[in-house]
Amino acid sequence: MGLRDASGPYFGDYGGRFVPESLVEALDELTAEYDAAKADPAFAAEFAKLGATYTGRPSIITEVPRFAEHAGGARVILKREDLNHTGSHKINNVLGQALLTKRIGKHRVIAETGAGQHGVATATAAALMGMECVVYMGEVDTQRQALNVARMRLLGAEVIPVTTGSRTLKDAINEAMRDWVTNVATTNYIFGTVAGPHPFPAMVRDFQKIIGDEARQQVLDLTGALPDAVAACVGGGSNAIGIFDAFLDDESVALYGFEAAGDGADTPRHAATISKGRPGILHGARSYLLQDDDGQTIESHSISAGLDYPGVGPEHAWLADIARARYLPITDTAAMDAFRLLARTEGIIPAIESAHALAGTINLGRELGPDATILVSLSGRGDKDMETAGEWFDLVDRS
Amino acid sequence: MNPTPDAVGAAIDSKKASGGALIGYLPVGFPDLATSIDAAVAIAENGVDILELGLPYSDPVMDGPVIQKATQSALAGGFRLAHAFEAVHAISARVRVPVVLMTYWNPVLQYGVDRFADDLVAAGGSGIITPDLIPDDAADWFAASDRTGLDRIFLAAPSSTDQRLRMITESSRGFVYAVSTMGITGARSEVDSAARALVGRLRDAGAKRACVGLGISSARQVREILDYADGAIVGSALVSALDTGGVAELARTASALSVGTRLI
């Protein structure tokens with residue numbers, strides 16, 4: 001048994017199902033349908049066809065030598081999930097879960113979203129497959145990602161701003177779970193990351209592992225060898241597990257997850273869950289989380305809405321504990337510097353989420369030196385972040 | 001001090017002949033700790049047979065707007081877990097009704113399951129209702145509750161399979177909390193007919209005591225439920241009364257609800 005074979009409900013001590021009894025039947029149904037789908041070649045064929053004809057798979061890899069000069073001269077290769085339809089890796093998982101929803105025979109889907117990438121992807125899949133779609137989004141995020149709200153509405157989804165708690169991703173998930181508890185007979189919850197109760201961590205990973213499966217072969221074809229390191233940003237952790245999975249049993253490949261450190265991992269304003277949190281329960285699973293002594297979740301902070309989450313997927317918690325992957329914090333400032341650097345050196349504007357992986361790569365390249373090859377998950381594109389970037393770098397003329 | 005053995009079960013059984021039990025929910029620390037203690041005492045003195053004290057939690061996925069607002073306000077007001085034991089102790093000293101806690105699982109886990117159980121026993125509490133802990137993932141709670149004699153009150157839902165209802169019934173002690181409807185807490189004008197069916201299925205699964213909660217806000221609904229269940233659980237309606245009219249209004253609401261527990 002390799003590390004790749006872990007399929008839940010527990011990854012080491014992490015995972016499980018800490019949910020209201022009302023959801024157990026739906027989770028059991030989802031697990032059974034997913035197990036059946038996994039064994040059904042027709043499902044795999046339909047998923048692959050959508051990837052090829054709708055998402056634009058396989059996504060390419062791009063070597064970025066001018067950027068790499070700032071990363072100790074190491075070879076840096078980007079896996080371009082930013083070029084997917086809808087602009088990020090989120091579409092991979094959403095199409096899988098939407099196909100599963102059709103299989104189960106439900107016609108209403110709900111989703112949570114932080115940056116709006118998963119919400120847009122879900123709204124897209126719902127439009128494609130003719131399903132009703134409701135997206136829960138923290139009110140703070142609806143403001144910092146207003147364009148994505150408009151995109152979801154244009155696609156026919158209802159966007160509900162969530163005004164409870166910190167009014168960000170965490171509270172959007174709470175509200176989506178309340179909807180699901182109430183409407184579970186008609187509704188499937190298309191969960192956006194590798195967190196949540198079983199089967200979501202394993203299922204979402206399986207729909208995202210195509211990132212690493214493709215990239216591993218692409219890097220082999222390009223360089224003739226496996227990369228020395230693989231880097232990805234980690235909020236809930238879906239793009240990271242997606243690119244890590246193919247390399248889990250390649251012992252020579254170091255895996256790095258870069259968490260959002262906001263103002264700094266040693267300040268109160270960050271989202272560095274594995275670096276600074278401790279094990280507990282949030283959103284149906286046991287994993288690392290940011291919490292106080294009483295087990296109350298602490299609000300996270302990051303310039304990146306997609307990483308602004310106080311929890312993390314249980315498989316990452318396990319990979320951290322067994323030291324198969326390392327998780328390091330990246331501040332807002334470092335991420336924004338890397339964001340601009342990639343734009344200026346390579347003509348690629350990354351999502352601010354992905355810029356955390358780029359900032360980590362700069363440090364990593366300097367550490368590993370010019371002989372090293374680093375594969376980076378460029379999980380999304382930065383169009384949605386132009387307002388934030390405009391403010392950060394003072395790019396917009398004001399009269 | 002150990003909890004009176006099976007105090008919850010005894011309280012429910014003692015009301016069977018006269019109509020059924022009323023279980024009242026209030027959050028600790030709302031609107032403040034002292035008032036929440038007075039409020040719990042007031043409903044116990046006005047017809048509530050078992051007190052269910054809710055522990056405010058940052059991510060209450062089973063709660064609707066009324067209870068969310070109250071518990072978030074308690075957290076903003078400085079609620080700490082230690083206050084829950086203070087409240088149980090103070091209430092138990094003033095009224096002789098069993099007190100159970102309603103808590104999401106992470107606070108218990110962080111406090112330490114054994115330490116939490118010991119402190120609850122020391123305070124005079126009788127058990128815990130666990131809205132996001134299912135028997136499948138509760139090994140450490142089984143051990144701690146068996147050691148201390150605390151009641152384990154798990155939830156059963158209309159969507160639960162017969163096999164799960166049997167497991168939930170066998171795992172629970174005190175009573176089984178039957179969720180009346182697929183949804184979250186909050187007053188509803190009609191209580192779902194699913195509740196009657198669920199209680200029937202729980203009986204078939206061997207449940208000695210099944211109490212129904214979610215959506216109950218009037219004496220008429222309490223009466224309807226006690227037609228087939230052993231207890232009716234009221235939450236949001238009490239919290240609303242406390243929020244709008246203080247302890248006096250809360251006491252009147254509890255008294256009015258308790259009319260539904262008496263056979264005419």
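If you're wondering where the values come from, they're calculated on a predicted model, not measured in any experiment. The chains referred to below are lettered A, B, ... by the order of the sequence lines, with proteins before strands, and numbering in each begins at 1.
- Both the backbone and the side chain of B/D59 have a heavy atom closer than 4.5 Å to some heavy atom of chain A.
- The stretch residues 182-194 of chain A places A/T182, A/V184 near chain B, each with some heavy atom under 4.5 Å from a heavy atom of that chain.
- Residue A/T164 touches chain B through its side chain alone, counting heavy-atom pairs closer than 4.5 Å.
- Heavy atoms closer than 4.5 Å to chain A are found nowhere in B/A138, neither backbone nor side chain.
- Of all residues spanning residues 168-182 of chain B, those with a heavy atom less than 4.5 Å away from chain A's heavy atoms are B/I168, B/V179, B/M182, arranged by number.
- In this structure, A/E25 CD and B/R164 CZ are separated by 8.5 Å, a value rounded to the nearest 0.5 Å.
- Interface residue B/L109: only side-chain heavy atoms are found under 4.5 Å from chain A.
- Contacts between B/P131 and chain A at a heavy-atom distance below 4.5 Å involve the backbone alone (N, CA, C, O).
- Under the side chain to side chain donor-acceptor pair (under 3.5 Å) test applied with B/S58, the options A/D171, A/T297, A/D294 reduce to a single match, A/T297.
- Counting heavy-atom pairs under 4.5 Å between each of B/L81, B/V108, B/N106 and chain A puts B/N106 at the top.
- Interface residue A/P279: only backbone heavy atoms are found under 4.5 Å from chain B.
- Most heavy-atom pairs under 4.5 Å with chain B, from the set A/M177, A/R178, A/R286, A/E175: that is A/R178.
- There is no contact between B/Q72 and chain A, counting heavy-atom distances below 4.5 Å.
- A/Q291 touches chain B through its side chain: at least one heavy atom from C-beta onward sits under 4.5 Å away, while N, CA, C and O do not.
- Looking at B/P158, there are no atoms closer than 4.5 Å to chain A (heavy atoms on both sides), in backbone or side chain.
- None of B/V61, B/L155, B/L133 except one satisfies the side-chain contact (heavy atoms from CB on, under 4.5 Å) rule with A/P20; the exception is B/V61.
- To the nearest 0.5 angstrom, B/L55 atom CG is 8.5 Å from A/Q296 atom CD.
- Taking both residues in full, the closest heavy atoms of B/A157 and A/E21 are given as N-CG, 3.8 Å, listed atom of the first, atom of the second, then distance.
- Taking 4.0 Å as the cut-off between side-chain N and carboxylate O, B/D137 and A/R17 do not count as a salt-bridged pair.
- Ranked by heavy-atom pairs shorter than 4.5 Å toward chain B, the options A/I281, A/L289, A/D293 are led by A/I281.
- Note: A/S22 OG to B/I184 CD1 = 11.0 Å, rounded to the nearest 0.5 Å.
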